[in-house]
There are 2 protein chains.
Amino acid sequence: MASKGITGNASSRSTPLSAVQERTVGAALELFARHGVAGTSFQMIADALGVTKAAIYHQFKTKEAIVIAAAEDELARVETAIEAAENEASPALARDVLVARIVDLAVERRRMEGSLLGDPVIVSYFSHHEPFRRVMDRLYRVLMGDDAGPDGRLSAAMLTAAIGGAVMHPIATELDDEALRSQLLRLARRFLDLPT
Amino acid sequence: MASKGITGNASSRSTPLSAVQERTVGAALELFARHGVAGTSFQMIADALGVTKAAIYHQFKTKEAIVIAAAEDELARVETAIEAAENEASPALARDVLVARIVDLAVERRRMEGSLLGDPVIVSYFSHHEPFRRVMDRLYRVLMGDDAGPDGRLSAAMLTAAIGGAVMHPIATELDDEALRSQLLRLARRFLDLPT
DNA sequence: GTCTATACGCGGATAGAC
DNA sequence: GTCTATCCGCGTATAGAC
């Protein structure tokens with residue numbers, strides 16, 4: 001669950017992370033999920049890793065750097081899903097696969113999605129982050145087809161927001177993973193006008 | 001924009017707020033929008049109001065209390081929208097009105113929605129908050145009809161998450177209010193299977 | 001890379017006078 | 001209700017040894 005198999009050549013990351021850094025980001029991610037980004041301190045991350053704060057400063061110069069690395073880590077997961085979809089035989093199949101994988105991802109990582117996507121730091125960072133935009137572009141192209149107008153991008157944003165937002169919604173708290181997954185999949189497909 | 005006309009009898013708030021408290025919440029809300037909940041300190045709120053921290057502590061015993069009051073303020077806006085919808089002549093009309101008003105609300109308050117809905121404090125507070133659940137129930141009843149199965153609630157959650165999430169999505173940053181509004185309305189109606 | 005030690009500032013919160 | 005003053009703790013960050 002921590003840091004294997006996310007990377008590959010998928011990562012549109014500024015600087016590749018060392019193994020130690022990956023561990024740090026993994027620990028941070030788990031803490032972000034429980035306490036929120038702002039609610040997670042260097043001290044907590046250090047404790048979780050069994051090292052001192054100073055040790056972490058060696059890998060990341062600021063807390064923001066960790067947050068961004070974590071966000072890029074999550075983005076890489078999405079990229080991996082997109083790549084899997086793009087390798088499908090037909091556009092229709094690609095779309096099916098992608099929707100399913102996005103839903104899986106969101107459910108599996110329910111706690112992270114919220115803390116990260118909601119964080120002001122991340123939002124502003126990603127809004128002028130080229131790699132992020134490219135990922136969103138690929139995403140919406142698979143989802144909406146090449147012929148999607150300029151509005152396609154917002155549709156994709158809305159769908160991902162819907163999925164990401166729904167899993168962290170208070171209402172979803174009561175549902176177990178399986179129920180949540182099947183419901184989301186059904187609703188997402190309806191949003192895309194696919195047969196349910 | 002600050003504190004008029006939101007209340008009425010709509011407010012399912014624990015304790016009604018005094019005029020001073022309303023001012024404080026208004027200022028807090030604006031700061032939350034810009035800096036996030038965690039990024040907003042008592043000091044900042046005090047500065048915005050031109051008073052000292054201690055003065056604020058007289059109105060709210062903890063920072064959490066302010067956050068909750070702010071969230072309830074936003075919730076009251078939703079309630080007002082629901083009430084307006086419920087007063088419509090037909091269920092179909094009610095649904096149309098509600099969708100439109102929810103979209104309006106989200107666009108108008110794009111910055112708040114995100115900071116608040118994403119905040120861990122709010123999420124956990126609302127998840128066992130009866131008034132909030134009642135509001136969501138009324139919401140989904142208007143949107144989905146009385147005959148909505150047990151899944152109706154999640155559908156409503158997903159729709160509101162979709163709208164709320166889309167407005168704070170990095171992609172939406174580039175759109176002006178009017179474009180965002182019309183796009184969201186179109187997509188939301190499609191989600192509900194309404195004629196576009 | 002990791003440690004100990006230390007600094008600095010700020011945020012949350014309280015006491016008590018006006 | 002608002003002020004001044006003050007406490008405490010924690011988060012961020014750096015220096016310098018191992």
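Residue numbering restarts at 1 for every chain, and letters A, B, ... go by the order of the sequence lines.
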- Query: With sequence neighbours left out, what residues match B:R190 under salt bridge (charged side-chain N to carboxylate O under 4.0 Å, His left out)?
  - Reply: none
- Message: Can you tell me how the ring of A:F191 sits relative to the ring of B:F191, calling it parallel under 30°, perpendicular over 60° and tilted otherwise?
- Response: tilted
- Message: Contact list please: residues 53-66 of chain B against DNA chain D, heavy atoms, distance less than 4.0 Å, in numerical order.
- Response: B:A54, B:A55, B:H58, B:Q59
- Under 4.0 Å from any atom of DNA chain D, heavy atoms only: list the residues of residues 38-48 of chain B that qualify, in numerical order. none
If you look only at distance, which donor and acceptor atoms sit under 3.5 Å apart when one is on a side chain in residues 173-180 of chain A and the other is two or more places apart or in another chain?
from, atom 1, to, atom 2, distance (Å)
A:T173, OG1, A:P170, O, 2.9
A:E174, OE2, B:R133, NH1, 2.4
A:D176, OD1, A:E178, N, 3.0
A:D176, OD1, A:A179, N, 3.1
A:D177, OD1, A:R110, NE, 3.2
A:D177, OD1, A:R110, NH2, 2.9
A:E178, OE1, A:R181, NE, 2.9

- Note on the structure: Residues at least two apart in sequence or cross-chain that pass ring pair (Phe, Tyr, Trp, His ring centres under 6.0 Å) with B:F60, listed by chain then number, are none
- Task: Tell me, please, the opening and closing nucleotides of DNA chain C, 5' to 3', among those with an atom under 4.0 angstrom from a non-hydrogen atom of chain A.
- Result: C:dG1 to C:dT4
- Message: Please check this pair: side chain of B:R189 against backbone of B:P195, looking for a donor-acceptor N/O pair closer than 3.5 Å.
- Response: yes
- Shortest non-hydrogen contact from B:Q21 to B:Q59? NE2-O, 3.1 Å
- Message: Ignoring hydrogens and geometry beyond distance, is a side-chain donor-acceptor pair present between B:N87 and B:E83 at under 3.5 Å?
- Response: no
- Taking side chain as C-beta onward, heavy atoms only, is A:Y140 less than 4.5 Å from A:L159? no
- Task: May I ask you to check whether over 12 heavy atoms, not counting those of A:R186, lie within 6.0 Å of atom CZ?
- Result: yes
- Query: From B:M136 CE over to B:L154 CG, what is the distance, rounded to the nearest 0.5 angstrom?
  - Reply: 9.0 Å
